[in-house]
Amino acid sequence: MKPNLSQAPGPIGVFDSGYGGLTILSKIREALPQYDYIYLGDNARAPYGTRSFEIVYEFTLQAVNKLFEMGCHLVILACNTASAKALRTIQMNDLPDIDPQRRVLGVIRPTVECIGDMTHNRHVGVFATAGTIKSESYPLEIHKLFPDIHVSGEACPMWVSLVENNEANDPGADYFIKKYTDILLEKDPLIDAIILGCTHYPLLLPKIRQFVPSNIKVVSQGEYVAASLKDYLYRHPEMAAKCTEGGECTFYTTEAEEKFTESASTFLNERISVKRITLE
Ligand code: DGL
């Protein structure tokens, strides 16, 4: 059903399947502290990384519609899996019908834009969820901008669970970090830059750095997404004018509130309060 949308200015919406998008949100808030934000985590249905295209699209569209109903004119899909599997369809097929003036942006394009300057060898690696790797979104987007770059991807199915279960800094995590790092570097020993193409992975960065040789750059996407959004709002003053400036952030989850508050503190290093909602 078509949502009933207000034309009054509203917060910027930031959506993720769960907690991972909080790594993006914190960088966005650092770069653009003046705006109001709504963070929505579909924790009850996460992870998205193993789900089909159809389901990720359906869930993401529900979340986008909810954020529009809450007053957002601009929504960031702070989730690589949703950006890979749902963004394009929502932009092309759904937005013209919902409201052609509203915008949904993803995290893959801004990450890819920076990679040309990061690789000297023109060999890049991508760590991401199985869904993102299977979608081929990173090689496709990289080749649009940099056809000369050779891209190798590796799905790291255990890494999201390590973070979700607060095991990111435990010695047990080492096995799975080394495992996927070794596979990627064996696939292409010429890699000199690796994109962390999943919002959870920056929390594993200290461990990833232990197993990746120091000459290889490891790229966390938060700051590039934030810089790209800043640039977007500068280039689109008509959209900036629709984003309220109160410096507030409200949090919503589809899971139990206590659970979100507890885990979100790992990602944000601060206590927050959250409200539970349902998506349909
Ligand atoms: N946020 C997702 C991503 O960036 C990872 C978690 C999930 O699989 O839902 O791909």
Side-chain angles (χ1 to χ4, degrees), residues 13-28 39-64 67 75-88 90 104-112 125-141 153-168 173 176-177 180 194-205 208 218-226 228 251-255 259-260 263-264 266-268 279:
V14 178
F15 168 69
D16 183 34
S17 56
Y19 304 109
L22 294 169
T23 61
I24 306 280
L25 174 74
S26 53
K27 293 292 177 194
I28 291 178
Y39 183 87
L40 169 56
D42 190 8
N43 302 76
R45 302 188 294 190
Y48 281 13
T50 46
R51 292 190 185 271
S52 66
F53 265 84
E54 292 74 15
I55 293 294
V56 172
Y57 163 66
E58 188 185 311
F59 288 178
T60 305
L61 182 60
Q62 289 170 357
V64 166
L67 287 164
V75 171
I76 313 301
L77 300 185
C79 173
N80 288 270
T81 310
S83 300
K85 293 186 166 193
L87 178 64
R88 215 172 160 68
I90 291 176
V104 180
L105 306 174
V107 288
I108 294 179
R109 182 75 185 205
T111 311
V112 160
V126 180
F127 286 134
T129 64
T132 302
I133 294 296
K134 208 166 155 214
S135 74
E136 300 267 331
S137 294
Y138 271 98
L140 288 169
E141 288 297 327
E154 186 58 31
C156 312
M158 292 303 291
W159 288 12
V160 167
S161 307
L162 290 174
V163 175
E164 291 278 330
N165 292 298
N166 228 341
E167 306 266 358
F176 289 105
I177 311 256
Y180 301 124
I194 298 177
I195 296 172
L196 301 184
C198 171
T199 51
H200 283 63
Y201 298 175
L203 278 99
L204 296 168
L205 187 59
I208 295 170
V218 180
V219 182
S220 291
Q221 57 193 164
E223 63 188 273
Y224 299 101
V225 174
S228 166
F251 295 87
Y252 292 88
T253 175
T254 54
E255 245 291 359
K259 209 165 165 242
F260 186 92
S263 299
T266 316
F267 284 82
L268 290 175
L279 292 177

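None of the values given here were measured: they were computed from a predicted structure. Any value given below was found using the heavy atoms of this structure, including those in side chains, with hydrogens, waters and symmetry copies removed. Just follow the structure's listing: the first ligand is 1, and inside any ligand the first atom is 1.
Taking the six-membered ring for Trp and the full ring otherwise, the centers of F176 and W159 sit at least 6.0 Å from each other. Proximity of the aromatic rings of F15 and Y39 is defined here by a centroid distance below 6.0 angstrom, and this criterion is not met.
At least one donor-acceptor pair under 3.5 Å links the side chain of S83 to the backbone N or O of L77.
The contact set between ligand 1 and S17, taken as ligand atoms under 4.0 Å from a residue heavy atom, comprises 1 (N), 2 (C), 6 (C), 7 (C), 9 (O). Taking a cut-off of under 4.0 Å to the non-hydrogen atoms of C198, the atoms of ligand 1 that pass are 3 (C), 4 (O), 5 (C), 10 (O). Contact atoms of ligand 1 toward Y48: 7 (C), 8 (O), 9 (O) (distance under 4.0 Å to a heavy atom of the residue). Close approach of ligand 1 to H200 is summarised as follows: ligand atoms under 4.0 Å from at least one heavy atom of the residue are 5 (C), 6 (C).
Between the side chains of Y48 and D42, a donor-acceptor pair is found at a separation under 3.5 Å.
With a 4.0 Å cut-off on non-hydrogen atoms, D16 touches ligand 1 through its side chain and not its backbone. Contacts between T129 and ligand 1, counted as non-hydrogen atom pairs separated by less than 4.0 Å, involve the side chain only.
Heavy-atom separations between G49 and ligand 1 include at least one value shorter than 4.0 Å.
Taking the six-membered ring where tryptophan is involved, the planes of H200 and F267 are perpendicular, since the angle between them exceeds 60° and thus also 30°.
The line from CG of N43 to CD of E255 is 6.5 Å long, rounded to the nearest 0.5 Å.
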Kindly determine whether N80 and T132 satisfy side chain to side chain donor-acceptor pair (under 3.5 Å), including the steps that lead there. CA-CA 7 Å; N80 288 270; T132 302; 5.7 Å; no
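Among C79, A78, A46, the residue whose heavy atom lies nearest to atom 2 (C) of ligand 1 is C79.
Geometrically, ligand 1 and T132 share no nitrogen or oxygen pair separated by less than 3.5 Å.
Here the heavy atom of the protein found nearest to atom 10 (O) of ligand 1 is T81 OG1, 2.7 Å.
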